[in-house]
Q: 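My questions will all concern the structure given below.
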Amino acid sequence: MKLPCALSLVFLTSFVTSQDISSDTRVCQEFTVPVTVTSQVFITEYSAFQDSYDVVGFVNNIAGRDSNTTFAPLGGRKNVTASYTIGATICNPKGSGGKNKTLLLATPGLGYDRRYWDSEVDPANYSFVDFAISQGYSVFFYDRLGTGESSKVSGYNDPQAQIQLAILQQLTLLLRAGKYTGVLGVPGKLVHVGHSFGSFLSNALVATTPELSDAAILTGIAYGSASMTFIEAWGLRIATQIAPGRWNNRDNGYLTWVDAFGNAAVFFYPGSYDTEVLWYTEDVKQPLAAIELLTPSALRLRAVGFTRPVMIISGEFDFAVCDGDCRGFLASAKEEIFPNATDFQAVVHPGVGHAINFSYNATGAYGIMLEYLERHEL
Ligand SMILES: *[C@@H]1O[C@H](CO)[C@@H](O)[C@H](O)[C@H]1NC(C)=O
Ligand SMILES: *[C@@H]1O[C@H](CO)[C@@H](O)[C@H](O)[C@H]1NC(C)=O
Ligand SMILES: *[C@@H]1O[C@H](CO)[C@@H](O)[C@H](O)[C@H]1NC(C)=O
Ligand SMILES: *[C@@H]1O[C@H](CO)[C@@H](O)[C@H](O)[C@H]1NC(C)=O
Ligand SMILES: *[C@@H]1O[C@H](CO)[C@@H](O)[C@H](O)[C@H]1NC(C)=O
Ligand SMILES: *[C@@H]1O[C@H](CO)[C@@H](O)[C@H](O)[C@H]1NC(C)=O
Ligand SMILES: *[C@@H]1O[C@H](CO)[C@@H](O)[C@H](O)[C@H]1NC(C)=O
């Protein structure tokens, strides 16, 4: 098996922590998963942020049509091997092996941890995990490096897209071997599900290691020439200065949108969400790393070797990936990215913005995602 971001040894060590959380419909366990990955990363060449003036200047340098072409924060490449721990949850349907033993591996996008997939507010309307469980699927969802319960690392360097990809590849190998899958054991099939940056990571996984995935459902994604102005719209600030004491062990390389309205500007479309849910997302938000804004373009996305089912689904008015209008903006991905996929589908989910799962009709989106899997006997 050739792995461009070479995975080093997979350590099948025992679980560091494991906690059981059950309800009427599901049995969940939380883990801290040790991983060791080798990746080719960028040598970074930019100054630490002293204050949010520096952050605003950084954003001006990278976002917008006239981004500063002399600003070169990334230097040469080097190979690094590093060990981290990743916070993760597996949920299995109660009392059943589930649908053909299919496991969904879900990766959240920037600004969130694994709770993206499992809203505590009104879960019947918003939790992807609950919806998938009700259809018989098991779901494994995790905190990207630098978020939630995963290792806290420098926001200027470590959570590079290539490292996040190598971690996703290693988690996939562990799950396929039946580790951390709860009562499911060895999964029959494994489907990658993503949101936004998590979708780009899942896309890069099927592009570089197609043999690791049986299907991909990518939400909040597009490939056209949208501008990067959404980064300006967030109003990013140094996270620990916005909320002192809230996020421990994060350096100034971790940024967060300035307030709930910055969140709404990028993730939500007016009239398509409940403000109570918006404020909940503020409660569970996570800082994003500056390096996560700089490195997605290093991911190889064109997936000629992936011959399995692929669905991409984005909100009609997604500002982050479509500049506010996804109509007519998604279908070209078939030729450009997934030329050999089985039954490629590009879906414009009506009436909502980037945060499909936190908008009205979230379950409408989940419904067509899982019907698609069922149609392909997954
Ligand atoms: C562009 O980047 C260079 C190199 O970092 C910096 O010296 C310059 O001030 C930047 N220009 C603007 C307009 O931010
Ligand atoms: C990193 O490793 C890859 C794969 O082993 C190799 O092709 C590449 O030359 C290495 N790059 C550097 C900068 O050492
Ligand atoms: C839905 O997406 C939003 C924005 O990405 C995130 O805040 C939220 O946690 C997600 N909710 C669920 C239930 O997945
Ligand atoms: C995928 O499609 C390309 C054309 O877009 C073709 O050249 C290539 O052989 C195909 N690869 C596989 C694995 O089917
Ligand atoms: C939430 O779910 C309930 C039933 O479970 C439904 O009546 C209501 O319309 C849903 N609300 C939204 C905003 O989806
Ligand atoms: C809910 O979402 C589904 C899937 O995108 C869509 O077919 C349906 O029209 C949506 N319903 C409303 C009321 O927007
Ligand atoms: C399970 O897989 C078999 C064969 O691949 C298929 O016939 C069946 O419809 C699948 N079941 C479900 C519930 O998807």
Side-chain angles (χ1 to χ4, degrees), residues 1-7 10 35 37 39-40 86 100 102-109 117 128 132 137-142 144-145 160-177 181 187-224 292 295-314 321 330-347 368-370 372-378:
M1 186 170 54
K2 58 175 183 351
L3 302 178
C5 298
L7 303 181
V10 177
V35 296
V37 293
S39 339
Q40 194 180 57
I86 300 298
N100 277 0
T102 299
L103 176 62
L104 311 182
L105 166 43
T107 305
W117 301 105
F128 175 75
Y137 292 99
S138 291
V139 187
F140 178 94
F141 49 118
Y142 69 100
R144 284 191 336 284
L145 180 63
Q160 299 200 14
Q162 305 91 303
I163 292 185
Q164 301 283 20
L165 170 60
I167 290 169
L168 176 58
Q169 287 168 319
Q170 188 164 120
L171 291 174
T172 303
L173 288 171
L174 288 164
L175 293 166
R176 292 191 86 96
T181 58
K189 296 280 168 57
L190 191 148
V191 175
H192 288 88
V193 180
H195 177 248
S196 197
F197 182 52
S199 287
F200 285 109
L201 294 172
S202 303
N203 178 164
L205 180 140
V206 304
T208 57
T209 49
E211 68 282 6
L212 293 186
S213 188
D214 294 300
I217 297 200
L218 310 177
T219 75
I221 195 168
Y223 302 90
E292 288 183 302
T295 48
S297 57
L299 296 173
R300 199 179 104 205
L301 300 179
R302 189 168 156 78
V304 287
F306 194 62
T307 54
R308 304 280 173 72
V310 175
M311 171 183 276
I312 66 173
I313 173 167
S314 296
V321 296
L330 303 180
S332 63
K334 175 169 171 49
E335 286 311 313
E336 291 163 13
I337 312 291
F338 300 108
N340 298 316
T342 295
D343 188 25
F344 174 82
Q345 295 287 328
V347 178
I368 60 169
M369 289 159 66
L370 299 186
Y372 178 73
L373 293 183
E374 178 144 25
R375 201 154 72 233
H376 290 282
E377 299 183 348
L378 290 162

Q: Which atoms form the tightest heavy-atom contact between A207 and A303, and what is the distance?
A: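 Taking every non-hydrogen atom into account, CA-CB, 3.7 Å.
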Q: With Y223, which residues qualify under side chain to side chain donor-acceptor pair (under 3.5 Å), at least two apart?
A: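 Scan of Y223 (side chain to side chain donor-acceptor pair (under 3.5 Å), adjacent residues dropped) gives N203.
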Q: side-chain contact (heavy atoms from CB on, under 4.5 Å), that's the test. Do H192 and L104 meet it? Break it down for me.
A: CA-CA 6 Å; H192 288 88; L104 311 182; over 6 Å; no
Q: Got a second to check how far L190's CG is from T102's OG1, nearest 0.5 Å?
A: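 Here the rounded value is 9.0 Å.
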Q: Only one of L373, L103, L370 passes side chain to side chain contact (heavy atoms under 4.5 Å, CB included) with V191; say which it is.
A: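 Passing option: L373.
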Q: Output the distance between atom NE2 (H376) and atom NZ (K189), rounded to the nearest 0.5 Å.
A: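 Interatomic distance, H376 NE2 to K189 NZ, rounded to 0.5 Å: 12.0 Å.
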Q: Taking atom types as modelled, is there a side-chain donor on T219 or H195 under 3.5 Å from an acceptor on the other?
A: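 There is no such pair (donor and acceptor under 3.5 Å, judged by atom type) between the side chains of T219 and H195.
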Q: Hey, does L212 have a side-chain heavy atom less than 4.5 Å from the side chain of L205?
A: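 Yes; the side chains approach each other to less than 4.5 Å.
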Q: Would you say the side chains of T107 and Q164 form a donor-acceptor pair under 3.5 Å?
A: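 Short answer, no.
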Q: Do the two ring centres, one from F128 and one from W117, sit under 6.0 Å apart?
A: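 Yes, they do, as the ring centres are separated by less than 6.0 Å.
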Q: Ignoring hydrogens, what is the shortest heavy-atom contact between V193 and S202? Give both atom names and the distance.
A: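 The pair with the smallest heavy-atom distance is O-OG, 3.9 Å.
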Q: What distance do M311 atom CE and L218 atom CG have between them, rounded to the nearest 0.5 Å?
A: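 Spacing of CE (M311) from CG (L218) equals 10.5 Å.
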Q: With the side chain counted from C-beta on, respond yes when F141 and P108 share a heavy-atom pair under 4.5 Å apart, and no when they do not.
A: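 Of all side-chain heavy-atom pairs linking P108 with F141, none is under 4.5 Å.
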Q: What closest approach, in Å, do A222 and L330 show between heavy atoms, and which atom pair accounts for it?
A: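 Reported closest heavy-atom pair: CB-CD2, 3.7 Å.
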Q: Using distance alone, with no hydrogens and no angle criterion, decide if Q160 and T295 have a side-chain donor and acceptor under 3.5 Å apart.
A: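 No, because no side-chain N or O of Q160 sits under 3.5 Å from a partner of the opposite role on T295.
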Q: Check whether any side-chain heavy atom of F306 lies under 4.5 Å from a side-chain heavy atom of N340, and answer yes or no.
A: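 No, side chains not in contact.
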Q: side-chain contact (heavy atoms from CB on, under 4.5 Å) for V321 and I221? Distances and angles first, verdict last.
A: CA-CA 6 Å; V321 296; I221 195 168; 5.6 Å; no
Q: For residues S213 and A215, report the shortest heavy-atom separation together with the two atoms involved.
A: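 In this case the closest contact between S213 and A215 is OG-O, 3.0 Å.
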Q: I'd like to check the ring-ring contact (aromatic ring centres under 6.0 Å, His included) partners of F338; sequence neighbours left out, ordered by chain and number.
A: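 Applying ring-ring contact (aromatic ring centres under 6.0 Å, His included) to F338 gives F344.
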Q: Could you measure the distance from the CG atom of L105 to the CG atom of L175? Nearest 0.5 Å is fine.
A: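 Output value for this atom pair is 6.0 Å.
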Q: Roughly how far, to the nearest 0.5 Å, is the CD atom of E211 from the CZ atom of R308?
A: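 With rounding to 0.5 Å, CZ (R308) is 9.5 Å from CD (E211).
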Q: Salt-bridged, E292 to R144, with N to O below 4.0 Å?
A: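 Result for this pair is yes, salt bridge flagged.
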Q: Please name all residues satisfying side chain to side chain donor-acceptor pair (under 3.5 Å) with S199, sequence neighbours left out, ordered by chain then number.
A: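 Side chain to side chain donor-acceptor pair (under 3.5 Å) check on S199 returns nothing, list empty.
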Q: Atom CD of Q162 and atom CG of L201: how far apart are they, to the nearest 0.5 Å?
A: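 The CD atom of Q162 sits 10.0 Å away from the CG atom of L201.
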Q: Tell me, do Q345 and V310 make a side-chain contact under 4.5 Å, heavy atoms counted?
A: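 A side-chain contact under 4.5 Å is absent here.
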Q: What pair of heavy atoms forms the shortest contact from Y372 to P309, and how long is it?
A: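 Smallest heavy-atom distance, with atoms named: OH-CB, 3.3 Å.
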Q: Under a 4.0 Å N-O cut-off, is there an ion pair linking R176 with D214?
A: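 The answer is yes: the pair qualifies as a salt bridge.
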